[in-house]
Amino acid sequence: MRGSHSEGGGASTELALGAVDVLPAGALEERLASGRPLRVKLGIDPTAPDIHLGHVVVLEKLRQFQAAGHVAVLIIGDYTARVGDPSGRSALRPLLAPEEIDANSRTFQEQAFKVLDPDATEVRRNSEWLDMPSAELFALVRRFTVARLLERDDFSKRMAAAEPVSLLELLYPVLQGYDSVAVESDLELGGTEQRFNLLFARDVQTSFGREPQAVMTMPILPGTDGVRKMSKSLGNYVGVTEPASEIFGKLMSVPDDAMPLYWELLVGERLDRSRHPNEAKRDLARRICDRFAGPGSGTAAEERFDRIHLDRETPADAPVHRIEIGGDVHLPALIREAFGVSGSEARRLLAQGAVRIDGETVPADRLDLPSGDLAGRVIQLGRRRFVRVVPD
RNA sequence: GGGGGAGUGCCAGAGCGGUCAAAUGGAACGCGCUGUAAACGCGUCGGCUAUGCCUACGCAGGUUCGAAUCCUGCCUCCCCCA
């Protein structure tokens with residue numbers, strides 16, 4: 001049973017709402033009591049081009065601190081992205097090209113401002129201080145021991161399973177910790193999988209004679225499969241820049257079991273269990289659309305959704321695919337081009353009755369159609385892919 | 001420095017000379033059911049203008065009528081000893 005995470009770490013402040021833990025006990029209250037604005041750090045490694053709802057959970061927490069008058073320090077980990085965070089990893093992370101990291105950094109920052117107030121956010125890239133001469137790097141890393149780093153679960157598990165752990169990965173916590181020194185962090189936020197990194201940063205700060213930061217961890221948001229962590233690489237994410245129709249559709253496909261967590265982490269309210277699950281899910285989906293795709297987009301997306309799935313209508317805004325008029329059209333080829341699947345796949349789908357033209361299933365043995373019969377019609381592939389065929 | 005083991009499809013993991021486009025499970029996809037939820041049932045899951053053809057089992061060669069399966073070299077990973 002998961003759901004209520006509110007009282008973690010004994011922090012009684014409103015700002016700790018939803019957090020899994022706030023460590024060490026009392027540290028946050030103590031700092032808040034000082035009355036000065038705290039420097040609240042959140043680091044995100046730009047390993048993918050888009051921010052999704054999983055990132056939003058922790059960004060939203062940062063926004064709350066911001067709203068309470070504290071300083072939001074958003075670190076784009078353009079340098080640590082090159083190293084690769086071993087947290088929760090069971091294998092070596094593939095390396096990203098520098099240009100890729102650079103492009104991701106830009107979109108990340110832009111998209112983070114869909115949650116944060118840009119005027120009250122200090123954005124830093126950690127290459128500013130981590131891109132240092134090796135002599136300085138050595139001086140930094142010699143402060144810590146291998147035994148201390150190997151305490152972490154991910155490493156011991158991988159080593160036990162005879163899987164590789166690179167030297168570079170071992171360095172990751174040290175680098176992330178040094179970020180805290182560089183930005184003089186009072187509090188660092190992160191997902192629960194970041195606990196080791198966040199706590200290790202305290203050691204790094206201490207070794208530099210700084211006051212160690214408090215840390216606050218937030219629950220991990222499951223992806224649209226309802227089970228695994230939301231992530232780009234698992235393909236179970238909802239991006240904040242996606243069109244409302246996508247956001248709505250994806251959220252509706254999230255299993256009911258994950259709804260309490262979605263409500264708590266994304267809407268900031270407890271799910272009212274007396275509501276019909278379908279209605280509660282629609283409500284959530286509308287709110288998220290309104291927030292990220294623009295006010296009112298939720299209702300519009302919902303209407304479109306119902307037209308397609310309840311009334312079985314074809315969407316008016318389906319992408320357009322042009323064909324030449326004259327002669328027959330070979331359906332597998334058309335599907336391949338229109339939907340970006342392979343020709344073999346197209347044939348299989350056809351054979352499985354997954355192709356509809358204006359709502360009518362194409363017979364499995366039908367491979368060619370006169371082009372005249374296709375012009376102006378909507379081809380549907382499976383439940384949610386649509387293309388409107390238009391004469392060229 | 002010495003000794004041993006392993007690299008198979010999106011992932012995990014069988015296969016160990018022909019019947020292998022490669023068992024099985026998971027993921028994914030499709031159809032049905034439904035609340036585009038879950039669960040369940042059935043099916044698909046390399047490519048190709050397709051009853052056949054092509055490309056594939058770390059990479060490169062070789063042996064064989066025939067290789068994922070045998071040999072040689074290379075690359076990568078792991079373990080043990082020092």
Side-chain angles (χ1 to χ4, degrees), chain A residues 88-95 155-169 222-238 244-263 271 273 275-286 289 301-315 323 327-337 339-356 359-369 371 379-386:
Chain A
R89 283 272 145 178
S90 56
L92 274 167
R93 194 181 270 273
L95 217 58
F155 288 153
S156 42
K157 274 191 194 141
R158 279 161 63 181
M159 307 239 299
E163 276 157 10
V165 173
S166 93
L167 205 48
L168 197 57
E169 289 182 278
T224 51
D225 56 16
V227 180
R228 296 173 298 168
K229 177 185 178 184
M230 182 175 282
S231 87
K232 168 88 176 176
S233 55
L234 291 174
N236 61 357
Y237 70 103
V238 181
S245 58
E246 276 298 304
I247 295 178
F248 197 92
K250 283 188 180 182
L251 287 174
M252 286 305 286
S253 76
V254 173
D256 293 353
D257 292 346
M259 272 304 113
L261 215 45
Y262 267 66
W263 269 85
L271 170 66
R273 288 174 190 269
R275 301 177 77 183
H276 188 282
N278 188 35
E279 183 36 50
K281 198 183 290 183
R282 283 168 180 270
D283 190 6
L284 173 103
R286 278 193 304 265
C289 285
E302 184 174 24
E303 280 166 12
R304 176 183 188 276
F305 179 86
D306 285 340
R307 275 200 307 279
I308 295 168
H309 299 290
L310 256 45
D311 308 336
R312 292 239 161 195
E313 270 180 38
T314 52
I323 58 164
D328 280 0
V329 173
H330 191 58
L331 289 174
L334 176 65
I335 292 163
R336 182 186 61 215
E337 283 156 29
F339 296 98
V341 299
S342 74
S344 299
E345 170 113 52
R347 279 167 186 267
R348 277 183 229 122
L349 289 164
L350 223 31
Q352 292 179 110
V355 181
R356 294 190 183 83
E360 220 160 300
T361 304
V362 178
D365 54 355
R366 196 76 203 238
L367 290 186
D368 298 277
L369 269 185
S371 55
I379 303 186
Q380 178 179 358
L381 190 66
R383 281 178 295 181
R384 37 183 313 182
R385 285 174 283 183
F386 297 90

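Letters A, B, ... are given to chains in the order of the sequence lines, protein chains preceding strands, and every chain is numbered from 1.
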Engineer: By nearest atom, which of the nucleotides B:C29, B:A37, B:U49 is closest to the A:P255 side chain?
Structural biologist: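 My answer, after comparing the listed nucleotides, is B:A37.
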Engineer: Please measure how far the P atom in B:G4 lies from the corresponding atom in B:A68, and state the result in whole Å.
Structural biologist: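 These two P atoms come out 28 Å apart once rounded.
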Engineer: Rounded to whole angstrom, note down the C1' distance from B:A39 over to B:C33.
Structural biologist: 11 Å
Engineer: Please confirm whether the backbone N or O of A:P222 pairs with a side-chain atom of A:Y262, one donor and one acceptor, at under 3.5 Å?
Structural biologist: yes
Engineer: Check every atom of B:C31, B:U49, B:C29 against the side chain of A:A354 and return the nucleotide holding the closest atom.
Structural biologist: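 For the A:A354 side chain, the nearest candidate turns out to be B:C31.
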Engineer: In whole angstroms, how far is the C1' atom of B:U44 from the CG atom of A:L349?
Structural biologist: 8 Å
Engineer: Taking B:U49 as the reference, what is the distance to B:C54 when you measure between their P atoms (whole Å, please)?
Structural biologist: 15 Å
Engineer: What integer distance in Å separates A:L271:CG from B:A37:P?
Structural biologist: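 In whole Å, B:A37 P and A:L271 CG are 18 Å from each other.
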Engineer: Could you please name the option among B:C29, B:A27, B:U49 that lies closest to any side-chain atom of A:R228?
Structural biologist: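 Looking only at heavy atoms from C-beta outward on A:R228, the closest nucleotide is B:A27.
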Engineer: Among A:K281, A:R307, A:R286, exactly one meets salt bridge (charged side-chain N to carboxylate O under 4.0 Å, His left out) together with A:E302. Which residue is that?
Structural biologist: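 So the option named by the test is A:R286.
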Engineer: Hey, does A:G249 reach any base, or is it just sugar-phosphate, or nothing, if we go heavy atoms under 4.0 Å?
Structural biologist: base
Engineer: Expressed as a whole number of angstroms, how long is the span from A:R384:CZ to B:G30:C1'?
Structural biologist: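 Value for this atom pair: 15 Å.
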Engineer: Minimum heavy-atom separation for A:A346 to A:P332, with atom names?
Structural biologist: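 Scanning both residues, the minimum pair turns out to be CB-O, 3.5 Å.
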Engineer: Report the distance from atom CG of A:D256 to atom P of B:G35, rounded to the nearest whole Å.
Structural biologist: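 A:D256 atom CG is separated from B:G35 atom P by 12 Å.
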Engineer: Rounding to an integer number of angstrom, what distance separates B:G9 and B:A56 when you compare their C1' atoms?
Structural biologist: 9 Å
Engineer: May I ask you to decide if A:R383's main-chain N or O and A:Q380's side chain share a donor-acceptor pair within less than 3.5 Å?
Structural biologist: yes
Engineer: Under 4.0 angstrom, heavy atoms only, what part of the nucleic acid is A:S344 near: base, sugar-phosphate, or nothing?
Structural biologist: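 Touches a base.
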Engineer: Could you tell me how far apart A:R336 (CZ) and B:A50 (C1') are, to the nearest whole angstrom?
Structural biologist: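 The distance from CZ of A:R336 to C1' of B:A50 comes to 13 Å, rounded to the nearest Å.
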Engineer: Can you name the nearest heavy-atom pair linking A:A258 to A:G226, along with the distance?
Structural biologist: CB-CA, 4.1 Å
Engineer: By nearest heavy atom, map A:S253 and A:Q352 onto RNA chain B; which one lands nearer the 5' end?
Structural biologist: A:S253
Engineer: Which is true for A:P277 with a 4.0 Å heavy-atom rule: it touches a base, it touches only sugar-phosphate, or it touches nothing?
Structural biologist: base
Engineer: Rounded to the Å, how far apart are A:R347 CZ and B:U49 P?
Structural biologist: 7 Å
Engineer: Check the pair A:R304 / A:E246 against salt bridge (charged side-chain N to carboxylate O under 4.0 Å, His left out), numbers first and verdict last.
Structural biologist: CA-CA 11 Å; A:R304 176 183 188 276; A:E246 276 298 304; over 6 Å; no
Engineer: Say we look at B:G18 and B:A67: how far apart would their C1' atoms be, to the nearest angstrom?
Structural biologist: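 To the nearest whole Å, 9 Å.
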Engineer: Quick one: stems for RNA chain B, with Watson-Crick or G-U pairs under 3.5 Å, at least three in a row?
Structural biologist: B:1-7 with B:75-81, B:10-12 with B:24-26, B:28-32 with B:40-44, B:46-48 with B:52-54, B:58-62 with B:70-74
Engineer: Given B:G32, B:G30, B:G35, identify the nucleotide with an atom nearest to the side chain of A:R356.
Structural biologist: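 In terms of side-chain proximity for A:R356, the closest of B:G32, B:G30, B:G35 is B:G32.
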Engineer: Say we look at B:A38 and B:C29: how far apart would their P atoms be, to the nearest angstrom?
Structural biologist: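 Nearest-Å result for B:A38 against B:C29 at atom P: 10 Å.
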Engineer: A:E345 CD to B:A28 P: how many Å, rounded?
Structural biologist: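 So the two atoms are 15 Å apart, to the nearest Å.
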Engineer: Between atom CD1 in A:I335 and atom P in B:U49, what is the gap in whole Å?
Structural biologist: 13 Å
Engineer: Can you tell me if A:D328 uses its side chain to pair, donor with acceptor, with the backbone of A:S371 under 3.5 Å?
Structural biologist: no
Engineer: If every non-hydrogen atom of A:R273 is compared with every non-hydrogen atom of A:P260, which pair is closest and at what distance?
Structural biologist: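 The answer is NH2-CG, 3.6 Å.
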Engineer: What nucleotide, of B:A50, B:C29, B:G35, holds the atom closest to the side chain of A:R385?
Structural biologist: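 Of the options given, the side chain of A:R385 lies nearest B:C29.
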Engineer: Strictly below 4.0 Å: does A:R348 bring a side-chain N or O up to OP1 or OP2 of B:G43?
Structural biologist: no
Engineer: Identify the residue among A:L350, A:V362, A:L331 that makes a side chain to side chain contact (heavy atoms under 4.5 Å, CB included) with A:L367.
Structural biologist: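 Only one option passes, and that is A:L350.
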Engineer: Out of B:A38, B:G47, B:U49, which nucleotide sits closest to the side chain of A:S342?
Structural biologist: B:G47
Engineer: Determine the Euclidean distance between corresponding C1' atoms of B:C81 and B:C10; express it in Å to zero decimal places.
Structural biologist: 39 Å
Engineer: Can you tell me, in whole Å, how much space there is between the C1' of B:A22 and that of B:U76?
Structural biologist: 24 Å
